[in-house]
Trainee: 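Quick one: the structure is below, questions incoming.
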Amino acid sequence: MSPFLSDVPAGLLDVDELLAQLTVEEKVALLTGRDMWHTTPLPLRGIPSIRVSDGPNGVRGTKIFDGVPSSCLPCGTALGATFDPDLLAKLGQLQGQEAKAKGAVAVLGPTLNIQRGPLGGRGFESFSEDPVLSGLLAGHYARGLQQEKVAATLKHFVCNDMEHERMAVNVLVTPRALREIYLLPFMLAISIGDPRAIMTAYNKVNGTHVSESKGLLQDILRDEWKYDGLVMSDWWGTYSTTGAIQAGLDLEMPGPARWRGAVLSHAVMSNKVTVGQLDDRVRNVLGLINYSAAARVPENAPEEQLNRAEDRALLRRAASESIVLLKNDDNRVLPFSKGGKTTAVIGPNAKTARFCGGGSASLLPYYSVSPYEGIAAKLGQEPRFAQGSSDHRLLPLLGDQLRTGTGGEGGGKGGGEGGGQRGFTWRAYNEPPTVVGRRPVDERVLTDSNCFFLDYEHPDLAPVWYCQAEGTFTPAESGVYDFGLGVEGTGRLYVDDELVVSNVENQKPGTTLFGAGTVEETGSKALVAGRDYRVRVEWGCSKTSKLPSVPPVGGQHGGLRFGAARRIADPARAIAEAAALAAQVDQVVLVVGLNGELESEGVDRTDMGMTAQTDALVAAVLAANPNTAVVIQSGTPVGMPWIDQANAVCQAWYGGNETGNAIADVLFGDVNPSGKLPLTFPRRVEDNPAYVNFRSEAGRVLYGEDVYVGYRYYDKTKTSPLFPFGHGLSYSTFALQDLVVVDQQQEEAGGSNSSSSSETSTAAAAAGVTRITLQISNTGSRGGAEVVQVYVAPPAASSVGRPVKELKAVHKVYLEAGQRRSVSIELDTVLATSYWDEGRSQWCSEAGEYKVLVGTSSADTPLEAALRVGRTRHWTGIKP
Ligand code: BGC
């Protein structure tokens with residue numbers, strides 16, 4: 001049988017014909033991945049395997065372990081801070097091209113969950129606390145990606161907003177909050193970008209796991225929204241055979257099957273799953289394969305690198321446009337001067353490129369630029385430096401500070417000849433280290449000492465296997481060094497054959513390796529500057545450990561993570577030295593924050609603070625030199641107990657490849673900052689709306705703040721946060737004026753739409769458009785961009801309690817100094833005024849007098865105009 005029929009375009013599968021021809025076993029095979037990153041092919045039927053790859057920060061390809069480098073985008077919150085859908089579309093397109101270079105036809109992103117509070121381990125991955133901003137950005141990102149015919153995968157549908165017990169937790173959420181806050185981003189992104197795939201969340205919503213929720217997958221996604229793309233599970237997030245198929249989960253990922261395969265064939269044979277239901281699922285898998293044919297990616301393609309100059313420029317632009325100038329007091333500390341002034345760079349985050357958060361979003365970047373490197377390049381000389389404090393909770397990764405040989409260049413001050421390559425030699429064995437003369441089955445040179453072998457494959461590997469990592473460390477400074485080793489499996493770390501860390505006996509479950517690993521065990525040794533030391537780790541795979549495996553990623557091969565740092569023996573002295581340096585220079589850049597270990601998949605943060613030592617460092621440096629710019633790198637808010645002493649503060653997120661260059665561009669005035677906070681920064685963690693409901697308690701989490709998420713809560717409770725949603729300063733100033741709001745439908749009807757009667761509209765009914773126009777002027781002396789933010793406030797006499805105002809549109813506009821422009825924005829009136837009516841299970845645009853509020857942050861909306869909705873409408877569907 002040929003799958004290609006004449007009425008089907010050449011090169012595409014004839015889905016109907018295939019459904020008629022395939023056996024049940026063949027259909028079942030198509031419904032689970034072949035492996036971690038591929039669908040199952042049926043070569044005899046002409047059905048190829050297609051490759052998917054994580055997103056959302058960059059396209060990692062098929063290897064978590066020893067991956068092919070890729071471009072690394074700024075993290076989700078950084079992209080959120082650009083408030084720029086067009087930029088997101090461009091970045092999406094770049095992702096599409098990267099995907100093709102990596103042989104993938106679907107990117108597992110964007111992530112559009114909601115930051116209910118500041119502590120979510122994956123908060124950095126999502127765009128915003130606001131559903132409209134999230135949906136808008138995700139939709140355009142998907143649109144850009146799919147211009148390359150690479151499918152976008154919206155994830156994680158829905159309410160995967162924290163990490164604690166993420167597979168087991170039951171999210172208790174009202175239908176209204178579910179619709180208005182958590183489903184709305186998906187709904188908007190689908191209508192804007194038509195993403196060809198959706199990934200289900202791990203958690204339950206109101207008692208049912210999403211991957212087997214008929215209410216969410218069939219009733220809402222398929223029937224109400226008419227979504228016709230593919231629905232796949234999150235990795236190992238399928239929990240049933242019949243239930244998941246019947247609910248509408250097309251593809252179980254990854255393979256091999258846990259819930260499908262022979263078990264599903266049995267369910268079909270016994271008619272628990274009908275052939276019709278099976279066909280519905282297979283149709284969507286074949287549909288995605290057909291869609292991706294246009295990407296022209298060969299099956300099982302090799303993975304390649306792009307790393308083009310134009311991509312680097314785009315990434316630099318995105319990173320610099322994401323930086324939010326939180327504070328720049330009257331004395332106008334920023335921008336700093338490039339010439340004629342002395343500069344010091346201080347802080348634990350200064351010399352390490354914090355380019356992305358942790359977990360499946362992370363990848364091996366083509367390159368990364370630390371803030372120190374970016375500033376040195378900008379100044380054309382090395383600034384003075386002091387670390388001042390250490391902010392790590394896990395010891396910093398050691399891999400890229402090692403060399404494969406001994407002596408020579410790589411270590412800077414190392415003695416002797418040779419040197420070898422940067423990194424360490426990694427060898428896999430089938431015998432333990434006690435076997436003399438064992439031979440490696442695999443050997444590589446690596447720089448990343450966070451090795452998780454989740455998707456590692458080697459044909460000669462035994463079920464129980466071992467590895468060794470070995471390299472030379474030449475410390476630049478003498479002192480006591482702490483070494484750390486976290487494993488899934490067992491491991492020992494030696495320095496010059498002396499056992500320094502043992503992680504074999506009495507192992508304790510911890511947060512390393514996506515939460516599948518142990519706590520980091522540590523040991524220390526005094527080292528002398530300039531001397532070579534052989535660091536060696538001997539590791540045994542997960543089966544050598546007695547600890548139970550931790551789902552979803554535990555229990556495969558396992559992994560190891562090793563790091564080291566010189567101990568700051570006298571923290572007070574390190575701070576005093578940094579402050580003394582600050583006092584000696586004209587301008588100080590102080591780089592602090594979090595990192596991909598503190599913000600990572602698998603674990604939420606426990607508090608909002610940086611380390612006490614880092615806060616003390618900030619306070620001391622600010623006291624020593626008021627001409628200090630504090631740069632914070634984090635994906636979500638950190639506490640700032642020293643904020644009143646700071647004159648200039650920037651939120652720089654995790655900026656991807658170009659992190660350090662982007663920071664330097666903004667600090668030294670080559671880029672005028674235009675980033676806006678996509679999430680509220682509270683003063684104290686206790687102030688945030690999810691504070692009392694953030695962990696899984698006895699298996700459930702109550703979304704008790706209901707629709708009052710983010711600024712909706714701070715507005716309602718009149719709590720002033722540290723920095724409000726939408727806030728972000730510029731080196732210029734802007735003025736908004738002459739707001740005019742016209743509801744076109746009313747205008748056309750001569751303003752006679754005043755009936756208060758209720759009627760149900762269908763998708764076909766003409767929807768009203770509200771046209772908003774205003775003038776914006778750049779009243780400062782530098783060109784720059786400003787974001788016009790449009791909020792709608794409900795009628796005073798609304799039939800349900802509603803947020804004080806809600807964001808409905810954003811418009812970013814660039815203006816030269818002194819320039820004035822008129823801005824025009826259109827809103828779908830019904831969409832912009834609707835709330836979810838639980839009584840009818842429909843959206844409701846209630847008649848009444850609304851207000852359109854326009855400004856440049858949620859706390860600054862100087863322009864106001866009335867918007868009258870003449871009659872109440874109820875509606876359902878993807879849009880009114
Ligand atoms: C994450 C997904 C990711 C998948 C594959 C899961 O742990 O939740 O976002 O796409 O792994 O890496």
Side-chain angles (χ1 to χ4, degrees), residues 32-39 51-65 67 70 73 75-76 95 99 102 104-113 120-127 138 141 145 150-169 186 195 197-203 209-211 230-239 249 251-255 258 356-364 450 452-456 488 511 513-517 549-556 559 596 599-604 635:
T32 308
R34 178 185 82 193
D35 56 25
M36 279 288 280
W37 310 114
H38 296 89
T39 60
R51 181 178 296 164
V52 302
S53 175
D54 276 313
N57 261 113
V59 185
R60 195 184 48 234
T62 62
K63 296 181 204 90
I64 288 178
F65 169 62
S70 199
L73 270 56
C75 69
Q95 291 298 83
K102 303 287 182 285
V105 295
V107 166
L108 305 176
T111 309
L112 50 164
N113 297 111
R122 291 180 93 168
F124 72 90
E125 256 189 62
S126 292
F127 297 120
Y141 178 97
L145 194 56
V150 170
T153 309
L154 303 187
K155 70 186 189 184
H156 310 85
F157 184 79
V158 58
C159 292
N160 181 179
D161 309 305
M162 64 178 203
E163 293 303 283
H164 186 221
E165 296 184 354
R166 61 181 170 155
M167 287 194 150
V169 67
F186 289 91
I198 285 180
M199 184 190 291
T200 53
Y202 281 132
N203 45 282
H209 277 105
V210 178
S211 59
L230 173 100
V231 178
M232 69 177 83
S233 71
D234 197 347
W235 269 225
W236 303 287
T238 309
Y239 313 106
L249 182 74
L251 182 64
E252 175 193 9
M253 282 302 282
R258 291 188 179 185
C356 100
S360 65
S362 62
L363 65 150
L364 192 65
N450 189 28
F452 196 31
F453 304 114
L454 193 59
D455 51 8
Y456 174 58
E488 190 196 351
T511 59
L513 306 164
F514 295 58
S549 62
V550 182
V553 289
Q556 331 267 330
E599 288 190 90
S600 178
E601 184 171 337
V603 59
D604 295 311

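In what follows, every heavy atom counts, from backbone to side chain, and hydrogens, waters and symmetry copies are set aside. Both counts, for ligands and for their atoms, begin at 1 and track the order of listing. Residues: numbered from 1 along the sequence shown.
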Trainee: Which atoms of ligand 1 have any heavy atom of Leu108 under 4.0 Å away?
Mentor: 10 (O)
Trainee: I need the minimum non-hydrogen distance between Val553 and Ala516, along with the two atoms involved.
Mentor: CG2-CB, 4.1 Å
Trainee: One pair to check against side chain to side chain contact (heavy atoms under 4.5 Å, CB included): Leu363 and Asp54. What are the steps and the verdict?
Mentor: CA-CA 9 Å; Leu363 65 150; Asp54 276 313; over 6 Å; no
Trainee: At less than 4.0 angstrom from any non-hydrogen atom of Tyr202, what atoms of ligand 1 do you find?
Mentor: 6 (C), 7 (O), 8 (O)
Trainee: Can you list the atoms of ligand 1 that are under 4.0 Å from a heavy atom of Asp234?
Mentor: 1 (C), 2 (C), 3 (C), 4 (C), 6 (C), 8 (O), 11 (O)
Trainee: If we count only N and O atoms by modelled type, under 3.5 Å, do the side chains of Thr238 and Glu252 hold a donor and an acceptor together?
Mentor: no
Trainee: For Arg122, which part has a heavy atom under 4.0 Å from ligand 1: side chain, backbone, both, or neither?
Mentor: side chain
Trainee: Should the proximity of Trp236 to ligand 1, defined as any heavy atom under 4.0 Å, be assigned to the side chain, the backbone, both, or neither?
Mentor: neither
Trainee: Please state which part of Arg166 comes within less than 4.0 Å of ligand 1, counting heavy atoms only: side chain, backbone, both or neither.
Mentor: side chain
Trainee: May I ask you to list the atoms of ligand 1 that are less than 4.0 angstrom from any heavy atom of Trp37?
Mentor: 5 (C), 12 (O)
Trainee: Would Glu125 count as a polar contact of ligand 1, with the cut-off being nitrogen or oxygen pairs under 3.5 Å?
Mentor: no
Trainee: Is it true that His156 lies under 4.0 Å from ligand 1, counting heavy atoms only?
Mentor: yes
Trainee: Give the atom numbers and elements of ligand 1 that come within less than 4.0 Å of a heavy atom of Lys155.
Mentor: 2 (C), 3 (C), 9 (O), 10 (O)
Trainee: Using every non-hydrogen atom in the two residues, find where Leu454 and Ile64 come nearest and quote the distance to one decimal.
Mentor: CD2-CD1, 3.7 Å
Trainee: Identify the residue among Asp234, Val231, Asn160, Thr200 that makes a side-chain contact (heavy atoms from CB on, under 4.5 Å) with Val210.
Mentor: Thr200
Trainee: If you apply the rule side chain to side chain contact (heavy atoms under 4.5 Å, CB included), what do you find for Gln556 with Tyr456, and how did you get there?
Mentor: CA-CA 10 Å; Gln556 331 267 330; Tyr456 174 58; over 6 Å; no
Trainee: Okay, side chain of Tyr202, backbone of Ser211: is any donor-acceptor separation there less than 3.5 Å?
Mentor: no
Trainee: Just which atoms of ligand 1 are under 4.0 Å from any heavy atom in Trp235?
Mentor: 4 (C), 5 (C), 11 (O)
Trainee: Measure Phe514 to ligand 1 on non-hydrogen atoms and call it side chain, backbone, both or neither using the 4.0 Å cut-off.
Mentor: neither
Trainee: Students often mix this up, so state it plainly: with edges at 30° and 60°, are the rings of Phe65 and Phe453 parallel, tilted or perpendicular?
Mentor: perpendicular
Trainee: Any sub-3.5 Å donor-acceptor pair from Arg122's side-chain atoms to Ala361's backbone N or O?
Mentor: no
Trainee: If you have a sec, work out which protein heavy atom is nearest atom 7 (O) of ligand 1 and how many Å separate them, to one decimal?
Mentor: Glu601 OE2, 2.5 Å
Trainee: In the protein, which heavy atom is nearest to atom 3 (C) of ligand 1, and how far is it?
Mentor: Asp54 OD1, 3.3 Å
